[in-house]
Amino acid sequence: MVPPTSSATRPRLVVVEGDITRQDVDAIVNAANTTLLGGGGVDGAIHRAAGPELLAECRTLGGCPTGEARITRGYRLPARWVIHAVGPVWRGGRHGEDELLARCYRHSLALARERGLKTIAFPAISTGAYGFPLERAARIAVRECRAFLEANPDFGEIRLVCFGPAARAAFEAALRETAPDRPD
Ligand code: ADP
């Protein structure tokens, strides 16, 4: 028999395969562009699922620089909030892409903490149309999430939502590679 998982030992950093628009968490993160006015990929899926009110609120924000994030309501999504993070376009790796991607995770998590949120789900920011190599992006994501959880013991859960088996394999590998001594 599997013993019930106590809240003290339940992992707080979780990799799942799925659709981020279906995640029942306090906030989902959108891989947005600098205009915040919608695009394809996960951004398009989030706007479709949230309804037109999301775009209307995004229009009031005046865009967002790369490496930063902005928060809106989630409207028709199960998640109450959407954090719109702007990842870097991959340009070969020598244009600060790693640091800009890390900042997306840090800024999104800081916004969640400021609002008192406890659960958040991220897509693999920049790894679609923006071309960031998946394994490299996964390592950065896992590193930043672990650092945040370490510094914020009261935060509930960070869910890394992978769209398909390739992304899932990359994120699970990154999780194993950097496994801490004790459960995070
Ligand atoms: P970017 O422009 O930042 O690369 P994309 O939306 O093109 O953003 O892709 C980012 C990641 O989101 C990719 O790994 C893509 O497979 C994934 N993705 C696309 N749709 C969804 C979805 N509905 N749920 C979760 N992840 C998604």
When clusters are formed by joining ILVMFWY residues with side-chain heavy atoms under 4.5 Å apart, either directly or through shared neighbours, do [X] and [Y] land in the same one?
| X | Y | value |
| --- | --- | --- |
| Leu54 | Leu36 | no |
| Leu149 | Ile125 | yes |
| Leu134 | Phe163 | no |
| Val42 | Val16 | yes |
| Ile120 | Val15 | yes |

Going by side chain to side chain contact (heavy atoms under 4.5 Å, CB included), name the residues that satisfy it together with Arg22, two or more places apart in sequence or in a different chain.
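Testing Arg22 for side chain to side chain contact (heavy atoms under 4.5 Å, CB included), a comparison that skips the adjacent residues, returns Asp19.
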Supply the atom-to-atom distance [X] [atom1] to [Y] [atom2], rounded to the nearest 0.5 angstrom.
| X | Y | atom1 | atom2 | answer |
| --- | --- | --- | --- | --- |
| Leu100 | His95 | CG | NE2 | 11.5 Å |
| Asn30 | Ile46 | CG | CD1 | 4.0 Å |
| Leu111 | Arg113 | CG | CZ | 9.5 Å |

Could you walk me through whether Val29 and Ile83 satisfy the side-chain contact (heavy atoms from CB on, under 4.5 Å) test, starting with their C-alpha distance in whole Å, then the side-chain angles of each, then the deciding distance to 0.1 Å, before giving a yes or no?
CA-CA 5 Å; Val29 177; Ile83 294 174; 4.2 Å; yes
Side-chain (Thr119) to main-chain (Asp26) donor-acceptor, under 3.5 angstrom
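Side chain of Thr119 to backbone of Asp26: a pair is present.
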Do the side chain of Arg115 and the main chain of Trp81 share a donor and acceptor less than 3.5 angstrom apart?
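Side chain of Arg115 to backbone of Trp81, a donor-acceptor pair under 3.5 Å: no, none is there.
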What do the steps show when you test Asp154 against Lys118 for side-chain contact (heavy atoms from CB on, under 4.5 Å), and what is the final call?
CA-CA 8 Å; Asp154 295 339; Lys118 294 291 178 209; 4.1 Å; yes
Evaluate the side-chain contact (heavy atoms from CB on, under 4.5 Å) criterion for residues Arg146 and Leu13: first the C-alpha distance (whole Å), next the side-chain angles of each, then the deciding distance (0.1 Å), finally the verdict.
CA-CA 7 Å; Arg146 280 210 209 284; Leu13 181 58; 3.8 Å; yes
How close do [X] and [Y] get, counting heavy atoms only, and between which atoms?
| X | Y | result |
| --- | --- | --- |
| Ile20 | Ala121 | CD1-O, 3.5 Å |
| Leu77 | Ile28 | CD1-CD1, 3.8 Å |
| Ala69 | Ala85 | CB-CA, 3.9 Å |
| Gly18 | Val161 | O-CG1, 3.4 Å |
| Glu150 | Arg12 | N-NH2, 4.4 Å |
| Val82 | Gly74 | CG2-CA, 3.9 Å |

Can you name the residues that form a salt bridge (charged side-chain N to carboxylate O under 4.0 Å, His left out) with [X], not counting sequence neighbours?
| X | answer |
| --- | --- |
| Arg106 | Glu99, Glu144 |
| Glu135 | none |
| Asp24 | none |

Would you give me the side-chain donor-acceptor pairs under 3.5 Å for residues 55-63, sequence neighbours excluded?
{"from": "Glu57", "atom 1": "OE1", "to": "Arg73", "atom 2": "N", "distance (Å)": "3.2"}
{"from": "Glu57", "atom 1": "OE1", "to": "Tyr75", "atom 2": "OH", "distance (Å)": "2.5"}
{"from": "Thr60", "atom 1": "OG1", "to": "Glu57", "atom 2": "O", "distance (Å)": "2.5"}

Can you list every salt bridge (charged side-chain N to carboxylate O under 4.0 Å, His left out) pair that touches residues 39-54, not counting sequence neighbours?
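Salt bridge (charged side-chain N to carboxylate O under 4.0 Å, His left out) check on residues 39-54 returns Glu53-Arg76.
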Going by ring-ring contact (aromatic ring centres under 6.0 Å, His included), name the pairs with one or both residues in residues 108-161, residues two or more places apart or in two chains.
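Matches after skipping sequence neighbours: Trp90-Phe132, Tyr105-Phe122, Phe148-Phe155.
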Which residues pass the side-chain hydrogen bond (donor to acceptor under 3.5 Å, both in side chains) test with [X], sequence neighbours left out?
| X | value |
| --- | --- |
| Thr35 | Asn33 |
| Thr72 | His84 |
| Thr127 | none |
| Arg70 | Glu68 |

I want to check something: taking the side chain as every heavy atom from C-beta on, are Glu157 and Val14 in contact at a cut-off of under 4.5 Å?
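The answer is yes; the side chains approach within 4.5 Å.
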Donor-acceptor pairs under 3.5 angstrom involving side-chain atoms of residues 168-177: please list them, not counting sequence neighbours.
{"from": "Arg168", "atom 1": "NE", "to": "Glu172", "atom 2": "OE2", "distance (Å)": "3.0"}
{"from": "Glu177", "atom 1": "OE1", "to": "Arg139", "atom 2": "NE", "distance (Å)": "3.1"}

